[in-house]
Amino acid sequence: MADGLDVVIVDDDPSVCQTLEDIITRFYAWGEVLSFTDADEAVSYCLNRDIGIAVLVVDVFLGAKNGFYFLDAIKEAFPSAHEDAIMITGYASDDVVNTCVASGSNHLLEKPVKTYALQLWIRAVVERY
C-alpha cells in the first residue's frame, strides 16, 4: 500500500465528519485523515495538493451542493475521483444508486456507516496505489 495517501472526508454534517474521522484514524496508517464540512473548501484543498490521488469519502448530499459536484470539481486534478470515491448517504434510494453508477462511483455506504465496511472499502481503494 502507498504511504502518504491521504483520506479526504466531505460531509456537511460536522458530527458525521468527526465520527468518520475517528473511525478511519483508528485503522488508517498510510497518510493523513482530513475532513471538510464545506464542499468548496474541500475542492480548494484538493486542487492545491501536489499529488492528485487520495481516498475520498464523500456524502451524496452536501447542503445546496452534492458529492458529484465535488468530484466533478476536482476531476481534472484527480482523474480517478469518481472511481476512487466512497459515497455515503442516509438513504440509498434507486435514484442515489443510479446516480452513483452513472457517474462511475461504485462504492456506496449507507449511514450509519458500519466500521468494517468503511475499512474494507478504504483498503480496496488504497490497494490500487
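The shortest side-chain heavy-atom distance between F36 and I9 does not fall under the 4.5 Å cut-off. Put simply, the side chain of T37 does not reach to within 4.5 Å of the side chain of D12, judged on heavy atoms. Within the 4.5 Å cutoff, side-chain heavy atoms of W30 are placed close to those of R123. Counting heavy atoms from C-beta outward, L71 and M87 have side chains that approach closer than 4.5 Å.
A distance of 12.5 Å separates CD1 of I122 from CD of E127, quoted to the nearest 0.5 Å. The CZ atom of F27 sits 8.0 Å away from the OG1 atom of T115 when rounded to the nearest 0.5 Å. Within the model, atoms CZ of F68 and CZ of F61 stand 8.0 Å from one another, a figure rounded to the nearest 0.5 Å.
The salt bridge (Lys or Arg N to Asp or Glu O under 4.0 Å) pairs that include a residue from residues 80-91 are E83-R128, D84-R128, where partners are two or more places apart or lie in different chains. Applying the salt bridge (Lys or Arg N to Asp or Glu O under 4.0 Å) test to pairs two or more places apart or on separate chains, none has a residue in residues 24-39. Sequence neighbours left out, the pairs with a member in residues 49-73 that pass salt bridge (Lys or Arg N to Asp or Glu O under 4.0 Å) are D6-R49, D40-K65, D59-K111. For residues 92-104, the set of pairs meeting the salt bridge (Lys or Arg N to Asp or Glu O under 4.0 Å) definition, not counting sequence neighbours, is empty.
Evaluated for a side chain to side chain contact (heavy atoms under 4.5 Å, CB included) with Y28, the options L5, I23, L118 yield exactly one hit, L5. Each of I86, V10, V113 was scored for a side chain to side chain contact (heavy atoms under 4.5 Å, CB included) with L20, with one residue passing: V113.
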Test side chain to side chain contact (heavy atoms under 4.5 Å, CB included) applied to V55 and V8, step by step: CA-CA 6 Å; V55 180; V8 176; over 6 Å; no
Audit row: D11, S35, side chain to side chain contact (heavy atoms under 4.5 Å, CB included) steps and yes/no: CA-CA 8 Å; D11 193 303; S35 62; over 6 Å; no
From CA spacing to verdict: side chain to side chain contact (heavy atoms under 4.5 Å, CB included), I88, V57: CA-CA 7 Å; I88 56 174; V57 180; 4.2 Å; yes
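Of all heavy-atom pairs between I74 and C46, the closest is CG2-CB, 3.7 Å. For G4 against I51, the heavy-atom pair with the smallest separation is O-CD1, 4.1 Å. Of all heavy-atom pairs between Y45 and L34, the closest is OH-CD1, 3.1 Å.
By the ring-ring contact (aromatic ring centres under 6.0 Å, His included) test, H107 is found to be paired with W121, residues two or more places apart in sequence or in another chain being considered.
Under the 3.5 Å distance criterion, the side-chain polar atoms of E110 are matched with a main-chain donor or acceptor of A92.
Hydrophobic side-chain contacts under 4.5 Å tie Y91 to no other Ile, Leu, Val, Met, Phe, Trp or Tyr residue.
If you chain together hydrophobic residues whose side chains sit under 4.5 Å apart, F70 and I53 never meet in one group.
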